[in-house]
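Data block below; observations after.
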Amino acid sequence: MIKGIKGVKDLLPEETPRWRLIEETARRWATGYGFQEIRIPIFEVTTLFARSIGASTDIVEKEMYTFQDRDGTSLTLRPEGTAGTVRAYIEHNRAADPVPQKYFYFGPMFRHERPQAGRLRQFHQFGVESFGIADPRADVEVIALLWRVLSALALPGLTLEINNLGDTADRETYRPQLVAYLKQHEEKLCGNCKRRIETNPLRVLDCKVPDCRTATEAAPHLADTLSEKARTYFAGVLAGLDAIRIPYHLNHRLVRGLDYYGLTTFEVTTTNLGAQNAVGAGGRYDGLVETLGGPPTPAVGFAVGLERMAMMLPDTAVVSTPGYTTVYVAGFGIQGSAAGLLSLEELRKAGIRAVSDFRSGTLKAHLRQADRLGCRYTLIVGDDEVVKGLGVLRNMETKVQLDIPLLSLIPHVLPLLSGS
RNA sequence: GUGGGUGUAGCUCAGUUGGUUAGAGCGCCGGAUUGUGGAUCCGGAGGUCGCGGGUUCGAAACCCGUCACUCACCCCA
């Protein structure tokens, strides 16, 4: 048997309603905030991701699905959505458009990791990117949208954490201070963090190992080395969040895994996701557009994991689709089968939801299927009915049956359906 | 990449110190009702016991290997 690829899941019909609810909620709110949908390819040239995400990040170092095109070009299945969106923004010169460039997207992302609860190799994100606005209100707008979408879905146990990473220069001054501190306390750190002192010292602050946390309690804070400009900007973001009543927690340890973030960075976590706790995250990335060859362009965005939202979404949130009136057509017998097929098509052409099960050869089997499918009515068309030219419309709840002329089916059926 | 757990019917799972024909519940199909659903009763179909070796008179069970799923580490959505 050919099986699906490890970490790549099928979404069966039983699960798609909860996904539709999530997608429709996200799309509605994003549109309401003035974002427009963009659809970008799921693969790009490898250098796009290497340059934007950061060559020394885990994603680029060991998690990308990379392969050669026939001409030898290195291509990669997208591990996230921002790089491609930025590429499209530059390529189509959207900076020249005077209208605010605020995009949202849905789609699959690919990372070669060992799957576990809440983590897949093909997973799906809803993301948002806001280009060209260097104003704290742009950050606030993006964070508010994220928070409103998650709140609208009534996802439990959410916390919004936010931090100020400062600009590149700020981090350059801070880094040696932190490294000096970490080297003094190196013995207390876990093996991973010892290595991180050289590779990614900021990441040590975000380590979950309790000893590492206590060891870094007294570490110098990035906040103390921030420039006046970065501070006032961040203060503006917080003031905006306060004004519109978005609850947040300052977390000076919050560091994101992608290189392009600066200034505002945020993450929404939950306690309901197994070992995983991030539902969605984002931040400001003012340098990225330029890095990728575009004009200097401030930008903010976020991405949320649809699988993670789906896991947390309470079952009660997914209401069973409101009882559409469906007519089951039970055509059986030699002539009845043929006449039934005709009636089925007539109903469908008239916009009436109609189904049948062609495996069923007896009326009993047909009625059983009609029942299982939850159909409100069954149109019985056996050989006897064909002879008389009258089908029998059975109300499955009341068991009341009416004769309906098969030749003028729709005018007779339609009033019954709208009346019920 | 590293570690733990689990692989028996479509699904959820039993299966005794290794013993003969591998079971149950649910689901499915049929009958009771020769043309009327759900409930009940009766009957039926459905299995390479993940795969490959080994031990044994005999393996679903024990040993080795392997694969898959899963949880966790790492990292992240």
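In what follows, chains are A, B, ... by sequence order, proteins preceding strands, each numbered from 1.
No contact: Val392(A) has no heavy atom under 4.0 Å from any strand. Residue Ala370(A) is out of contact with every strand shown, counting any heavy-atom pair closer than 4.0 Å. Using a 4.0 Å heavy-atom criterion, one finds that Gln369(A) contacts no nucleic acid atom at all. Within the nucleic acid shown, Gly118(A) comes within 4.0 Å of at least one base atom, counting heavy atoms only. The residue Leu306(A) sits apart from the nucleic acid: no heavy atom pair falls under 4.0 Å. Contacts of Gln276(A) with the nucleic acid, taken as non-hydrogen atoms under 4.0 Å apart, include base atoms. Here Met396(A) lies in heavy-atom contact (under 4.0 Å) with a base. Within 4.0 Å (heavy atoms only), Arg368(A) reaches sugar-phosphate atoms of the nucleic acid but no base atom. Residue contacts shown for Lys3(A) are limited to sugar-phosphate atoms, with no base heavy atom under 4.0 Å away. Residue contacts for Glu385(A): at a heavy-atom cut-off of 4.0 Å it reaches a base atom on one of the strands shown.
Distance Gln116(A) CD to C76(B) P: 13 Å, rounded to the nearest Å. The distance between atom NE2 of His366(A) and atom C1' of C29(B), rounded to the nearest whole Å, is 15 Å. The separation between Lys9(A) atom NZ and C69(B) atom C1' is 9 Å, rounded to whole Å. Taking atom CD1 on Ile59(A) and atom C1' on C74(B), their separation rounds to 13 Å, with Å as the unit.
The side-chain ring of Phe123(A) is stacked on the base of A77(B), judged by centre separation under 5.5 angstrom and plane angle under 30 degrees.
Under the Watson-Crick and G-U wobble criteria, each requiring two contacts below 3.5 Å, nucleotide G65(B) is paired to C51(B). Remark: G27(B) base-pairs with no nucleotide in the shown strands. Criterion, Watson-Crick or G-U wobble with two distances under 3.5 Å. Pairing for G58(B) is absent, judged as Watson-Crick or G-U wobble with the two contacts each under 3.5 Å. When both pairing distances are held under 3.5 Å, G3(B) makes a Watson-Crick or G-U pair with C71(B). Pairing for A22(B) is absent, with no Watson-Crick or G-U wobble pair whose two atom distances lie under 3.5 Å. Of the nucleotides present, none pairs with A14(B) by Watson-Crick or G-U wobble criteria with both distances under 3.5 Å. Pair assignment for U33(B) gives none, since no Watson-Crick or G-U wobble pairing has each distance under 3.5 Å. Across all strands shown, nothing is found opposite C76(B) as a Watson-Crick or G-U wobble partner with both distances under 3.5 Å.
A salt bridge does not link Glu44(A) with Arg78(A): every distance from a Lys NZ or Arg NE/NH1/NH2 to an Asp or Glu carboxylate oxygen is 4.0 Å or more. Using a cutoff of 4.0 Å between basic side-chain nitrogens and carboxylate oxygens, Arg39(A) and Glu37(A) are scored as salt-bridged. The existence of a salt bridge linking Glu80(A) and Arg111(A) is excluded, since no basic side-chain nitrogen approaches an acidic carboxylate oxygen closer than 4.0 Å. Contact check on Arg119(A) versus Glu113(A) returns a salt bridge, with a Lys/Arg side-chain nitrogen under 4.0 Å from an Asp/Glu carboxylate oxygen.
Comparing the C1' positions of G27(B) and G35(B) gives an interatomic distance of 26 Å, to the nearest angstrom. As rounded to the nearest Å, G47(B) and G37(B) have C1' atoms that lie 32 Å from one another. As rounded to the nearest Å, G58(B) and U48(B) have P atoms that lie 24 Å from one another. Of the P atoms belonging to C69(B) and G30(B), the separation is 36 Å, rounded to the nearest Å. Distance noted for atom P between G44(B) and A60(B): 25 Å (whole Å). Atom P of C76(B) sits at a distance of 43 Å from the matching atom of G15(B), rounded to the whole Å. A9(B) and A45(B): their C1' atoms are spaced 11 Å apart (whole Å). Comparing the C1' positions of U33(B) and G50(B) gives a spacing of 44 Å, expressed to the nearest Å.
Minimum atom distance to the side chain of Arg111(A) is reached by A77(B), of the listed U36(B), G1(B), A77(B). For Ala365(A), whose side chain is taken as the heavy atoms from C-beta onward, the closest listed nucleotide among G30(B), U36(B), G35(B) is G30(B). Candidate nucleotides C69(B), C74(B), C71(B) were compared by shortest atom distance to the side chain of Arg119(A), and C74(B) ranks first. The side chain of Leu363(A) lies closest to U36(B) when the candidates are C69(B), U36(B), U2(B). Looking at the side chain of Arg394(A), the nearest of the listed nucleotides A77(B), G37(B), A72(B) is G37(B). Distances were taken from every side-chain heavy atom of Arg308(A) (C-beta onward) to each of A77(B), A72(B), G37(B); the shortest belongs to A77(B).
A donor atom on one side chain and an acceptor atom on the other are not found under 3.5 Å apart for Thr225(A) and Thr173(A). A donor-acceptor contact closer than 3.5 angstrom is absent between the side chains of Tyr33(A) and Arg148(A).
Of the side-chain N and O atoms in Lys364(A), none sit less than 4.0 angstrom from OP1 or OP2 of U33(B). Close to C29(B), at under 4.0 Å from its OP1 or OP2, lies a side-chain N or O of Arg372(A).
Judged by distance alone with a 3.5 Å cut-off, a donor-acceptor contact links the side chain of Glu113(A) to the base of A77(B). Scanning atom types as modelled, no donor and acceptor separated by under 3.5 angstrom connect the side chain of Gln125(A) and the base of C76(B).
Each of Ala275(A) and Arg121(A) was matched to the nucleotide of RNA chain B holding its nearest heavy atom; the match closer to the 5' end belongs to Ala275(A).
One distance of note links CG of Leu406(A) with CG of Leu379(A); it measures 6.5 Å at 0.5 Å rounding.
Ring centroids of Phe131(A) and Tyr103(A) are separated by less than 6.0 Å, placing the two rings close together.
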Query raised in the report: Step by step, would you call Asp242(A) with Tyr248(A) a side-chain hydrogen bond (donor to acceptor under 3.5 Å, both in side chains)?
Result: CA-CA 9 Å; Asp242(A) 289 335; Tyr248(A) 58 85; 3.1 Å; yes
